[in-house]
Amino acid sequence: MGSFLLIALQSAPLAADSLAQTVEVVERVSLLSLLVKGGWTMVPIGLLSVLTIYLFVERLLTLRRAEADPETFTQNVREYVQHGDIGGARRYCREFDTPMARIIRSGLDRIGRPISEIKEAVQAAGKHETFMLERRLDLIASSAAIAPMLGFLGTVIGMIRAFQQIQNLQGSVNPSVLAEGIWEALVTTAAGLAVGVVALFAYNFLVNRINRTVNDLERASTDFIDLLQTPTTASPPRPLPTTYAS
């Protein structure tokens, strides 16, 4: 009897682990079956969710590479320009593959022309960089609007099928069968709303980050134009920093 109890106690943890694994598998299968029961509209909703996550990560990485300290960058460029070292300022801008550096470099490449032409070049470069930062945001906004609509569409289709089943059975239908058809139809609405909420959050977050970056670009552009209208010094150029805080 004692040996039997000992064997039972030793096998209890193994049984618990097996039960936990079984429950996990059942939950995984039930979730998959739940998504399958949502119908064909779950396919585009799933694709929109993948697209939203991909675009959010891609735009976030792009913004992180584009961010820079406008005051430090323009101060370094000012040191070059005020000492008449335009070539050094150009080389300094080429070292950084950021929107701010490309905008300032477009102005430096036109030094010697009228200030109006330099300002137009800087403004054109700024518009282009802003467009590149805002690229693909419309797809995230579209996902935020389309996903819930697809969810409602799937629910309406599911409700139509449920009522068709009632009609085929001439009204003598089990309430549990009707309830099953209804909650299966509501799966698409829940999935569509979930994707729409995530996409809307991603869109607003990125818009806020882009607005801050564009504001820094505008500040740097304005400071650069003001810099070109100040007289340069006659002192020889001195060593200048080649990095700036980002």
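Numbering of residues begins at 1 and proceeds along the displayed sequence.
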Once you round to the nearest 0.5 Å, how far does [atom1] of [X] lie from [atom2] of [Y]?
X    : Y    : atom1 : atom2 : value
N208 : L63  : CG    : CG    : 10.5 Å
T52  : L200 : OG1   : CG    : 10.5 Å
M100 : S221 : CE    : OG    : 8.0 Å

Original post:
Is there a donor-acceptor contact under 3.5 Å from the side chain of R59 to the main chain of L133?
Top reply: yes
Subject >> Check: R110 side chain, S106 main-chain N or O, donor-acceptor pair, under 3.5 Å >> reply: yes
Subject >> Option passing side-chain contact (heavy atoms from CB on, under 4.5 Å) with E67 (candidates T98, T213, T62) >> reply: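 Exactly one option meets the side-chain contact (heavy atoms from CB on, under 4.5 Å) with E67, and it is T213.
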Subject >> Intermediate values then yes/no, side-chain hydrogen bond (donor to acceptor under 3.5 Å, both in side chains), E79 and Q75 >> reply: CA-CA 6 Å; E79 294 290 336; Q75 178 62 32; 2.9 Å; yes
Are [X] and [Y] close enough that some pair of their side-chain heavy atoms sits under 4.5 Å apart?
X    : Y    : result
L48  : L150 : yes
N215 : N211 : no
D223 : E71  : no
S143 : L51  : yes
V197 : F201 : no

**OP:** Under the salt bridge (charged side-chain N to carboxylate O under 4.0 Å, His left out) rule, collect the residues that match up with D109, sequence neighbours excluded.
**Re:** R90
Original post:
Which is it for L206 and I140 under the side-chain contact (heavy atoms from CB on, under 4.5 Å) test, yes or no, and what are the steps along the way?
Top reply: CA-CA 10 Å; L206 291 175; I140 300 180; 3.6 Å; yes
Transitive ILVMFWY side-chain link [X] to [Y], under 4.5 Å:
X    : Y    : value
F205 : I210 : yes
L108 : I225 : yes
V50  : L55  : no
F224 : Y80  : yes

**OP:** Verify the neighbour count for atom CZ of R219: are there more than 12 heavy atoms of other residues, nucleotides or ligands below 6.0 Å?
**Re:** yes
Original post:
Using the benzene-type ring in the case of Trp, are the ring centres of F56 and Y203 under 6.0 Å apart?
Top reply: no
Subject >> Modelled atom types, side-chain donor and acceptor of T155 and T188, under 3.5 Å >> reply: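 Yes, because at least one side-chain N or O of T155 sits under 3.5 Å from a partner of the opposite role on T188.
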Subject >> Qualifying residues under side-chain contact (heavy atoms from CB on, under 4.5 Å), relative to M149, sequence neighbours excluded >> reply: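 Partners of M149 under the side-chain contact (heavy atoms from CB on, under 4.5 Å) test: none.
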